[in-house]
**Q** 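Mind looking over this structure? Questions follow.
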Amino acid sequence: MKKISKTTRSNLITYALVIVAFVVVQSLVAGGQVSSSLKGQLIPICVYICMAVSLNLTVGILGELSLGHAGFMSVGAFTGVIVAISLQGLPGPVRLLLAIVIGGATAAVAGVIVGVPVLRLQGDYLAIVTLAFGEIIKNLLNNIYVGVDSHGLHFSATDTASLGLDNGIVLINGPMGAVGIEKLSTFVAGFLLILFVLTVTLNLIRSRSGRAIMAVRDNRIAAESVGINITKYKLMAFVTSAAMAGMSGALYALNYSSVLPKKFDFNTSILVLVFVVLGGMGNIRGSIIAATVLTILPEALRAVNDYRMLLYAIVLILVMLVTNNPILKNGWNLIKEKLAFWRRKTPETAEKGVGADE
Amino acid sequence: MSKMVPVPSNSIIPERDLDKIPVLETKHLGIDFGGLTAVEDFNLTIGRTEIAGLIGPNGAGKTTVFNLLTKVYQPTRGTILLNGTDTANLNAVQVNKAGIARTFQNIRLFSNLTVEDNVKIGLHNSVNSGMFSSILRLPRHWKSERAAHEQALDLLSIFDMQDLADHEAGALPYGAQRRLEIVRALATNPSLLLLDEPAAGMNPSETAELMENIRKIRDTFQIAIMLIEHDMNLVMGICEGIAVLNYGKIIAKGTPSEIQNNPQVIEAYLGKQKEG
Ligand SMILES: Nc1ncnc2c1ncn2[C@@H]1O[C@H](COP(=O)(O)OP(=O)(O)OP(=O)(O)O)[C@@H](O)[C@H]1O
Ligand SMILES: [Mg+2]
């Protein structure tokens with residue numbers, strides 16, 4: 001094959017988009033041209049991009065509905081806070097990195113616990129169980145107290161007093177959530193996490209494992225008939241997705257001084273699902289764009305505060321109409337065909353490059 | 001497996017490959033769906049490089065036999081010996097690994113993926129690169145991807161489909177989708193290939209070409225092929241042995257000419273054909 005394959009080109013565009021956007025925003029920030037409200041949005045935008053991309057792996061690539069993605073985010077967030085704050089001696093970036101890694105690992109374990117029993121079943125059980133998982137995690141965290149002192153970590157399920165801290169600090173204070181967090185997250189870290197999540201997801205999709213995952217999505221019986229272990233690949237996608245949600249959660253939590261467990265509720269799970277659906281199932285670049293636009297939009301609409309949610313709703317409906325409109329879709333396909341035709345007519349514009357397809 | 005199993009009398013063509021373990025042997029195979037007995041007392045032996053036909057009127061239970069052999073359904077009764085080994089404890093995935101590959105009457109492609117990816121998914125168990133080597137794009141990943149790419153194109157060339165490699169499988173014409181299903185099944189390196197109505201929806205010239213290719217596949221890969229087909233020209237033209245199923249029971253077994261002259265078959269099956 002002489003051309004770079006379509007998927008390779010599409011992936012390169014996605015990476016380029018992220019990098020260019022980062023450079024532009026970073027230089028605008030340096031030039032003082034970014035409003036403080038938008039500046040405050042930068043890290044949440046990165047977090048929601050990672051959340052949307054990771055959920056797309058479960059919903060779009062694996063084809064299973066998850067209604068509790070915020071639950072995994074929550075697991076990562078609270079684990080991340082415990083890690084980052086209890087490791088006072090280390091430099092900030094190292095603590096952030098460890099918080100993200102361990103937050104992700106803990107969320108992966110939660111993913112295994114949820115996934116192993118459910119993903120063996122056929123049918124839409126995952127939606128119900130993840131929905132319950134999100135609620136259970138929220139309630140669990142409402143009743144957990146964690147503190148740290150020179151003796152190490154202390155846990156309790158009743159109150160802070162029973163932690164028996166010896167001149168230590170309370171990390172997680174039941175319904176008050178994680179308190180006394182140091183703001184370790186940075187926009188650069190957010191950008192790097194996006195690149196990481198993007199690389200993992202895109203590389204996974206375009207691999208032997210990724211093809212198996214999509215085979216399970218497209219036709220389970222056919223996938224079994226060619227010797228693909230359905231449960232294994234469902235778990236692989238789901239746990240990877242949960243791990244990346246946990247990482248996003250750690251980055252999110254370490255951007256604030258305190259975080260409430262109810263921040264990661266059903267509404268947040270649905271919000272991320274909306275990003276994925278609007279960006280297009282299985283469309284990673286779409287998830288990135290949808291997460292960015294829909295995170296900025298409510299803030300940008302603050303100027304017209306009274307009509308904010310109304311306008312937000314109108315934009316959502318318009319996007320849905322546009323992305324699902326057959327006439328517009330056909331028109332767009334027609335344009336693409338025309339373009340492809342002209343590209344074929346002028347062979348010198350055809351990209352020559354890397355040998356094989358992959 | 002080393003034990004020689006003589007081909008029993010229920011073989012369609014007993015003189016073939018007498019010295020080898022048959023690729024498939026079923027004994028009293030049957031399944032009930034609730035009160036309905038869809039397949040009953042199904043006894044069949046297929047030699048190592050035989051092309052066998054399974055015919056019968058609509059609803060006779062032909063597809064159900066394939067579903068039993070591939071463990072889409074668990075048999076209610078009977079045994080299936082694949083290369084001399086009982087498959088009772090194997091699931092659909094393990095049966096494929098043990099050597100049975102199939103196509104589907106109602107095409108089941110991975111329709112959102114490309115033609116090449118469909119074949120590569122068939123190659124899943126013969127290329128090995130794990131999740132981590134792929135995510136990290138280690139040399140192992142590139143090596144196995146290159147191998148899969150080359151093998152996929154090789155397999156597609158059986159049906160001269162290399163040029164369609166980048167096309168979306170679901171957007172292919174009907175005939176090409178059927179051929180792609182055969183290629184995908186072959187990619188799993190089976191010893192027995194089951195084709196469920198491979199010529200359905202094909203025009204006569206496509207069907208003629210398909211017949212050539214089925215023979216070519218058997219000769220090149222030295223595998224056994226069992227096919228379900230309503231197109232009598234195809235069945236009589238390439239099958240060496242034929243079993244006729246009616247109401248879930250085998251009513252006749254034999255060579256094409258024996259089947260064509262069997263009065264029971266004519267009554268149950270060919271007679272009906274003339275009416276329709
Ligand atoms: N999962 C199932 N549950 C209940 N009944 C079934 C099931 N699968 C098949 N049957 C029944 O078993 C019988 C045989 O069906 P089968 O699909 O095997 O026929 P066939 O010989 O392949 O017919 P055709 O030529 O139309 O493809 C039919 O009566 C069908 O309704
Ligand atoms: Mg059938």
Side-chain angles (χ1 to χ4, degrees), chain A residues 1-9 11 57 60-61 63 120 196-233 235-237 239-240 243-244 281-283 333 340 354-358, chain B residues 66-67 70-72 91-98 100-104 107-114 116-137 141-142 144-146 148-150 152-153 165-166 169-170 181 184-185 187-190 194:
Chain A
M1 254 171 264
K2 282 160 245 133
K3 283 188 309 179
I4 298 183
S5 85
K6 245 202 255 168
T7 343
T8 309
R9 188 181 320 140
N11 287 356
L57 184 56
I61 305 299
R120 299 157 69 136
F196 174 81
V197 166
L198 205 53
T199 308
V200 168
T201 308
L202 293 179
N203 282 1
L204 180 61
I205 292 174
R206 289 197 80 199
S207 73
R208 172 176 171 270
S209 306
R211 285 191 297 267
I213 292 167
M214 292 184 287
V216 172
R217 170 196 68 189
D218 278 8
N219 203 310
R220 194 185 57 83
I221 291 181
E224 280 185 327
S225 85
V226 294
I228 286 171
N229 182 337
I230 307 289
T231 311
K232 173 180 169 184
Y233 287 98
L235 260 181
M236 182 186 285
V239 172
T240 308
M244 295 191 297
M281 297 281 205
N283 181 345
N333 285 341
V354 284
D357 161 70
E358 300 249 58
Chain B
F66 276 17
N67 285 336
T70 55
K71 293 295 179 80
V72 172
N91 62 27
V93 172
Q94 291 160 333
V95 162
N96 173 259
K97 289 183 183 171
I100 303 185
R102 71 175 292 184
T103 66
F104 296 88
I107 300 175
R108 290 178 174 273
L109 286 171
F110 308 121
S111 45
N112 295 308
L113 305 181
T114 64
E116 181 175 338
D117 279 347
N118 270 266
V119 185
K120 282 179 171 171
I121 291 166
L123 291 165
H124 185 83
N125 288 316
S126 59
V127 294
N128 53 347
S129 107
M131 177 191 177
F132 288 102
S133 70
S134 288
I135 286 177
L136 300 173
R137 288 294 191 253
H141 163 84
W142 296 112
S144 83
E145 282 300 295
R146 224 175 355 257
H149 172 71
E150 278 161 21
L153 289 188
D166 289 337
E181 270 210 331
R184 181 182 68 186
T188 67
N189 194 21
L194 307 177

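No hydrogens, no waters, no symmetry mates; every other heavy atom, side chains included, goes into these values. Sequence lines set the chain letters: A, B, ... in the order given, protein chains first and strands last, and positions in each chain run from 1. From a predicted model like this one, the values you see are computed outputs, not experimental measurements.
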**Q** Within the 4.5 Å heavy-atom criterion, are A/Asn229 and B/His124 side-chain neighbours or not?
**A**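 No, every pair of side-chain atoms sits at 4.5 Å or beyond.
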**Q** Looking at A/Arg208 and B/Val127, would you say the former's side chain and the latter's main chain have a donor-acceptor pair under 3.5 Å?
**A**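 Pair found, side chain donor or acceptor close to backbone of B/Val127.
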**Q** Has the side chain of B/Arg102 got a donor or acceptor atom that lies under 3.5 Å from a matching backbone atom of A/Ser225?
**A**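 It does not hold such a pair.
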**Q** Which atom names give the shortest non-hydrogen contact between A/Arg206 and B/His141, and what distance separates them?
**A**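 Closest heavy-atom pair between A/Arg206 and B/His141: O-CE1, 3.8 Å.
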**Q** Sort out for me which of A/Gly210, A/Ser209, A/Gly227, A/Gly282 touches chain B most, counting heavy-atom pairs under 4.5 Å.
**A**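 The option with the most such pairs is A/Gly227.
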**Q** At a 4.5 Å cut-off on heavy atoms, which part of B/Asn128 comes close to chain A: side chain, backbone, both, or neither?
**A**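 The answer is the backbone of B/Asn128.
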**Q** Tell me, for B/Leu109 versus chain A, whether the close heavy atoms (under 4.5 Å) come from the side chain, the backbone, both or neither.
**A**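 For B/Leu109, the backbone is the part near chain A, not the side chain.
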**Q** Quick check for you: to the nearest 0.5 Å, what is the distance between A/Ile230 atom CD1 and B/Asn91 atom CG?
**A**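 A/Ile230 CD1 to B/Asn91 CG: 10.0 Å, rounded to 0.5 Å.
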**Q** Assess whether a salt bridge exists between B/Glu145 and A/Arg211, defined as any Lys/Arg side-chain N lying under 4.0 Å from an Asp/Glu carboxylate O.
**A**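 Counted as a salt bridge, because a side-chain N and a carboxylate O are separated by less than 4.0 Å.
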**Q** In terms of heavy-atom proximity below 4.5 Å to chain B, should A/Thr240 be classed as side chain, backbone, both, or neither?
**A**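 Contact with chain B is through the side chain of A/Thr240 alone.
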**Q** Is there side-chain contact between B/Asn112 and A/Met214, with at least one heavy-atom pair below 4.5 Å?
**A**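 No - every pair of side-chain heavy atoms lies 4.5 Å or more apart.
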**Q** Which atoms of B/Ser134 are under 4.5 Å from chain A, going by heavy atoms: the side chain, the backbone, both sets, or neither?
**A**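 For B/Ser134, the contact with chain A is made by backbone and side chain together.
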**Q** Over all heavy atoms of both residues, which pair between A/Asn219 and B/Phe110 is shortest? Give the atoms and the distance, please.
**A**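 Smallest interatomic distance, heavy atoms only, reads O-CE2, 3.6 Å.
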**Q** With side chains defined as the heavy atoms from C-beta onward, is the minimum distance between B/Arg184 and A/Val226 less than 4.5 Å?
**A**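 Of all side-chain heavy-atom pairs linking A/Val226 with B/Arg184, at least one is under 4.5 Å.
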**Q** I want to check something: taking the side chain as every heavy atom from C-beta on, are A/Leu204 and B/Met131 in contact at a cut-off of under 4.5 Å?
**A**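 Side-chain contact under 4.5 Å: yes.
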**Q** For the atom pair CD1 (A/Ile228) and CG (B/Asn125), what is the distance rounded to the nearest 0.5 Å?
**A**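 So the CD1 of A/Ile228 and the CG of B/Asn125 are separated by 7.5 Å.
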